[in-house]
Number of protein chains: 2
Amino acid sequence: MAAAAGVSATTVSLVLNDVESRISRETRDRVRSAAEAVGYAPSSLARGLRQRRSQTVGLISDQIATTPFAGRMLAGAQDVARAHEKLVFLVDTGGDRAVEQSAIRALAAQQVDATIYAAMWHQIVPVPDGLPADAVFLDCRPDAGGFRSVVPDDRAGGAAATRELVAAGHRRIAFIDTDEGPTRPIAADLRLEGYREVLREAGLRVDPALHVHGETSIRGGREAAEHLLQLPDAVRPTALFCFNDRMAVGAYAAAHARGLRIPHDLSIIGYDDQQFIAAEQEPPLTTIALPHYEMGKWAMEVALGIRAAEEQDATHQMTCPVIRRDSVGPPPAHVAKPNRRRTSHHTERSLSATPER
Amino acid sequence: MAAAAGVSATTVSLVLNDVESRISRETRDRVRSAAEAVGYAPSSLARGLRQRRSQTVGLISDQIATTPFAGRMLAGAQDVARAHEKLVFLVDTGGDRAVEQSAIRALAAQQVDATIYAAMWHQIVPVPDGLPADAVFLDCRPDAGGFRSVVPDDRAGGAAATRELVAAGHRRIAFIDTDEGPTRPIAADLRLEGYREVLREAGLRVDPALHVHGETSIRGGREAAEHLLQLPDAVRPTALFCFNDRMAVGAYAAAHARGLRIPHDLSIIGYDDQQFIAAEQEPPLTTIALPHYEMGKWAMEVALGIRAAEEQDATHQMTCPVIRRDSVGPPPAHVAKPNRRRTSHHTERSLSATPER
DNA sequence: TTGAAAGCGCTAACAG
DNA sequence: CTGTTAGCGCTTTCAA
């Protein structure tokens, strides 16, 4: 290439990197057009070797690529990487620790300038051996200190969801939680906290009967909701806060099966704002969005040193916005009235069940 | 490092790369343990520079990371890359041609050993300028010849779906297609072809009244299905083949709204086997799976030269397997009977509509 | 069985 | 304003 333009390699380098304008205008043009002609592009490898930084960043994830949920984190990370002319290595470990280890090694050998360690859902993860000290944790928190990390603010999200319902006038608000168990997501506890907090704030009783569990699926949501909807009038909830959108979809089914209209007879709010699901329900589901794109962006910005994390050892909580659609409304008028015994003269539709499934 | 082990760099290289066993056993051990102790890992950059291949592959996609559908293609590609000690650069262009261009350049500068160009859904794409001639197209076909590519065999998939219904005894099988329009996916035409082919094969009439269109969403599927279900008895379909699972979910809603049970009164088959959706319906949806993981695997294998594409210029059609769940059954007994006029004494439930939405 | 020398393609420091 | 020199960390002859 240097030859093609009839100049030294140094000059080519200087021109192509816009190092000051110490090079004469005509030389610059000559180099530029020669490069164009030859289709020359400097080798990032050689440059990386020389400059000791590769302009690449490694992104290790447990399952992002495998699962349809958190892809937008990648998009967020990519977008800022691209804006800064960085290329990203993606390694999906499938949750396998051995794979993770070799990924860390391989990335180090590639001299990546930064490392992001991402999880598919909000969780606490053990810090893998050999992970660079400046790695950023995305959608997870390391079990050891000293790292930057970003996670959704699930407590505030749970609070926001509940507040949405309280603001609409509901006083009997149920929380359809995921199963207990060793795999219980940390997000569930956080959302539950937010839920309770707002209830108390609003002077409402935290009724254990309104906190039910189900498997994290459409069916789980339906079963839990069915249980709640057959409660006696006096305690039956008028609004359901579901752990996620899939469970909310199940709650829709339970409501429909009882002839309950949403939001007229029952309000429902979900969590996740799952693409192609939440917005497509009838009526479209009001829900809390997980800020995946924003978290991905934040992580990459911090990793590249474009944005400083507040503190070295703090986990950044990112707001989960309320997505208002049409599944939340005021409670049915009659429920505001004082207790009525379950004497069987209910609202016109509350028990007109319809066969389903 | 060479120093740490008290040998030359050459020896270190030889040992760590298992080049013959010309090195004495004890020297090897010494080098290995010194490397371990120092935490030494050879620089892939330097090695790449020297060997003129970087052990990396570039994967350019329009939207894989943004959308929840095709992530498993990444997983498939990753898995084979990892098995061959390759790292993959992922660039999600968001469909922006300019970004795509710079990605191609950046990848070339990184000396990637192979390039994969992936789309989020089966389509014909223009070949981007500067794309290496040995690039492999994943889930799309280039509009110019000379490239290897892999796509799902949507025609066969459409045929398989229809055959599933025919085999169950259905004779009036509708196809709920996506909207027409400039964005009409190529897959739609292919699946339609397969549908018609099997109908003819089975000696069934291809009734245009049973080919309806809707927007590609739950709502679109519901509306199209509603239309079909209110057709007069004589022509009303007993089975619905839906363009995708989301539309099938809409069809479920339409069926339930009319009090029809699936598959007892109506059989439904979808397409995509969308994760966390298809299997969670009630009853679980029988559908055709898109072989995303397999296609990703194939593309990477071909790109790395591990597997030879049949012909240089052929597009590989990958089978879409039938996922049998519970939404397909035999048609209701009465429909086999000769024509009955819409004299209004229908089956016990066929018109007992139930309020919905 | 091992080491010395050369060079992959670039850029940083220094001359000119 | 431009070229020379050196060297990033490795692998590959070639020699010892």
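We name chains A, B, ... by the order of the sequence lines, and we start the count at 1 in each one.
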Could you go through residues 297-305 of chain A and list every donor-acceptor pair under 3.5 Å that involves a side-chain atom there, pairing it with any protein atom two or more places apart or in another chain?
residue, atom, partner, partner atom, Å
A:Glu301, OE1, A:Arg307, NE, 2.9
A:Glu301, OE1, A:Arg307, NH2, 2.9

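- Rounded to a whole Å, the CZ atom of A:Arg53 is 10 Å from the P atom of C:dA12.
- The CZ-P distance, from B:Arg28 to C:dT1, rounds to 9 Å in whole Å.
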Expected string for nucleotides 10-16 of chain D under the B/S/- scheme (protein heavy atoms, under 4.0 Å, primed atoms plus P, OP1, OP2 as sugar-phosphate) is BBB----
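- Residue A:Leu16 contributes atom CG, which lies 15 Å from atom P of D:dT2 at whole-angstrom precision.
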Pairs under 3.5 angstrom only: tabulate donor-acceptor contacts from the side chains of residues 3-12 of chain A to other protein residues two or more places apart or in another chain.
residue, atom, partner, partner atom, Å
A:Ser8, OG, A:Thr10, N, 3.3
A:Ser8, OG, A:Thr11, N, 3.2
A:Ser8, OG, A:Thr11, OG1, 3.1

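- Regarding contacts with the backbone of D:dT2, a side-chain N or O of A:Thr27 is found under 4.0 angstrom from either OP1 or OP2.
- When the ring pair (Phe, Tyr, Trp, His ring centres under 6.0 Å) test is applied to A:Phe69, the partners found at least two apart in sequence or on another chain are B:Phe276.
- A salt bridge is absent between B:Arg32 and B:Asp29; no separation between the charged side-chain nitrogens and carboxylate oxygens falls under 4.0 Å.
- Shown here are the side chain to side chain contact (heavy atoms under 4.5 Å, CB included) partners of A:Asp153, two or more places apart in sequence or in another chain: A:Arg155, A:Ala156, A:Gln317.
- If you check every strand for non-hydrogen atoms under 4.0 Å, B:Ser44 touches nothing.
- Put simply, CD on B:Gln110 is 20 Å from P on C:dC8, counting in whole angstrom units.
- The side-chain hydrogen bond (donor to acceptor under 3.5 Å, both in side chains) contacts involving residues 117-130 of chain A comprise A:Glu100-A:Tyr117, A:His122-A:Asp154, where partners must be two or more places apart or lie in separate chains.
- Rounded to whole Å, atom P of C:dT11 lies 12 Å from atom CG of A:Leu45.
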